[in-house]
Amino acid sequence: MAVVIDGKEAAASVIAAVTEASASLEKEAGVKPGLAVVIVGDDPASHAYVNSKSKMAKQCGFNSIQHSLPEDTSQEKLEQLVAELNADPSIHGILVQLPLPKHLNAEPVILSVSPEKDVDGLHVVNAGKIATGDLETGLISCTPAGAMLLVNRIHGRDLSGLNAVVIGRSNLFGKPMGLLLLAANATVTMAHSKTKDLASVCSHADILVAAVGRPQMVKADWVKPGATVIDVGINRVAAPDKGEGKTRLVGDVAYAEAAEVAGAITPVPGGVGPMTIAMLMANTVIAAYRRAGKTAPRF
Ligand code: GUN
């Protein structure tokens, strides 16, 4: 049976370190890290995510601001709000929750966030820094940063000689994850929906990362015996065994059977999920340290 990688525990230790770093910045430089979270529209799942981000920011001792804009907000209005937040010295991190309503174009909004405040790590400047191997001066996208921290817990920081396969090639996760694994010396394959014989590609992975958004797609026979499996999927599926109309969360990996083969595996929920918010807090405190001219902590 695989070791279960406890994301809740790892996230709690990042949050404790962030809270401590935030308190010492306030004491030494009189600066309280400020995080502004912007949400447009009424999507209940997005509101739930954003509320937990705002709540965690308060728990870390941050100045936590939430802007909830109506569904019919214009592109111009949204970009104007971002411009105000860019200019506000009390705000060190800005996050615009995605996806945006259909009439809005996310790309220019992402590019309108000042790279120094882009705690989501989505601005082309921050994405470009990871791509060119600069992991020190930018901000790294939260979910890949969190997934990488879990990989490091199993394998250490140097992944020389290990094969890593990432399934999924989104800007939010797959691409930066592949680049972080590469920067750590893994031999990386980026697989996606057009990959031929995906099961066979995956079966060579010492580190298998699934981010496809398809419930339980990765089966036990895709997993190399002893591999580390990182499941980034969060899918809500019907759970008639729990009662009529009930649902449960499952990952992109068929957990029970994969856990029989893997060496280590993240559960869903309780694996990568809690790491995303923890790394958002880490990015915010890093941005605040840099703004104050102080050496930022590492997580
Ligand atoms: N929606 C789902 N995940 C994320 C994330 O990491 N950042 C933002 N901005 N929106 C999201």
Side-chain angles (χ1 to χ4, degrees), residues 7 11 14-15 35-57 64-69 71 73 75 78-79 81-82 85-86 91-102 104-127 130 138-150 166 168-177 179-180 209-214 230-236 249 251-252 268-269 271-284 286-287 299:
V14 171
I15 290 296
L35 173 65
V37 178
V38 180
I39 180 163
V40 186
D42 308 316
D43 179 63
S46 288
H47 272 272
Y49 280 130
V50 161
N51 289 341
S52 53
K53 288 170 184 175
S54 299
K55 200 168 134 200
M56 186 62 85
S64 171
I65 310 275
Q66 190 171 320
H67 290 271
S68 300
L69 304 181
E71 179 82 24
T73 299
Q75 185 85 24
L78 178 57
E79 288 178 25
L81 172 61
V82 171
L85 295 169
N86 281 338
I91 296 298
H92 305 98
I94 302 169
L95 179 141
V96 180
Q97 184 68 18
L98 302 174
L100 291 170
K102 283 201 174 55
L104 294 173
N105 186 358
E107 198 54 33
V109 177
I110 291 166
L111 292 179
S112 73
V113 176
S114 157
E116 295 78 23
K117 297 190 179 190
D118 168 39
V119 283
D120 244 345
L122 296 180
H123 193 286
V124 69
V125 166
N126 286 316
I130 308 183
L139 291 163
I140 301 174
S141 184
C142 306
T143 307
M148 205 54 201
L149 204 141
L150 298 180
V166 181
R169 54 175 162 175
S170 67
N171 290 335
L172 203 56
F173 184 80
K175 281 181 202 159
M177 186 71 202
L179 291 166
L180 291 178
V209 185
V212 272
R214 291 203 188 188
I230 305 289
D231 190 349
V232 188
I234 302 178
N235 310 286
R236 191 164 283 285
L249 290 178
D252 292 345
V268 175
V272 175
M275 296 304 294
T276 299
I277 294 189
M279 299 319 284
L280 174 66
M281 301 304 135
N283 276 348
T284 306
I286 288 169
F299 296 95

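The first residue in the sequence is number 1, and the count goes up from there. Just follow the structure's listing: the first ligand is 1, and inside any ligand the first atom is 1. Values reported hereafter were calculated over all heavy atoms of this structure, with side chains retained and with hydrogens, waters and symmetry mates removed. All values derive from a computational prediction rather than experimental measurement.
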Who pairs with [X] by side-chain hydrogen bond (donor to acceptor under 3.5 Å, both in side chains), at least two apart in sequence or on another chain?
X	value
Asn171	Lys175
Ser170	none
Gln75	Glu79

Give every pair formed by an N or O atom of ligand 1 and a protein N or O atom closer than 3.5 Å, one pair per line with both atom names and the distance to 0.1 Å, or write none.
from: ligand 1; atom 1: 1 (N); to: Gln97; atom 2: NE2; distance (Å): 3.2
from: ligand 1; atom 1: 1 (N); to: Leu98; atom 2: O; distance (Å): 2.8
from: ligand 1; atom 1: 7 (N); to: Asp120; atom 2: OD1; distance (Å): 3.0
from: ligand 1; atom 1: 7 (N); to: Asp120; atom 2: OD2; distance (Å): 3.2
from: ligand 1; atom 1: 9 (N); to: Val96; atom 2: O; distance (Å): 2.9
from: ligand 1; atom 1: 9 (N); to: Asp120; atom 2: OD2; distance (Å): 2.5
from: ligand 1; atom 1: 10 (N); to: Leu98; atom 2: N; distance (Å): 3.0

How long is the span from the CE atom in Met56 to the CD1 atom in Ile15, to the nearest 0.5 Å?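 With rounding to 0.5 Å, CE (Met56) is 4.0 Å from CD1 (Ile15).
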Would you indicate whether Arg236, at its atom CZ, is surrounded by more than 12 heavy atoms from other residues, nucleotides or ligands within a distance under 6.0 Å?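 Buried by this count: over 12 neighbours within 6.0 Å.
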Measuring only between side-chain heavy atoms, which start at C-beta, is Ile110 closer than 4.5 Å to Val96?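 SC-SC contact between Ile110 and Val96 ruled out.
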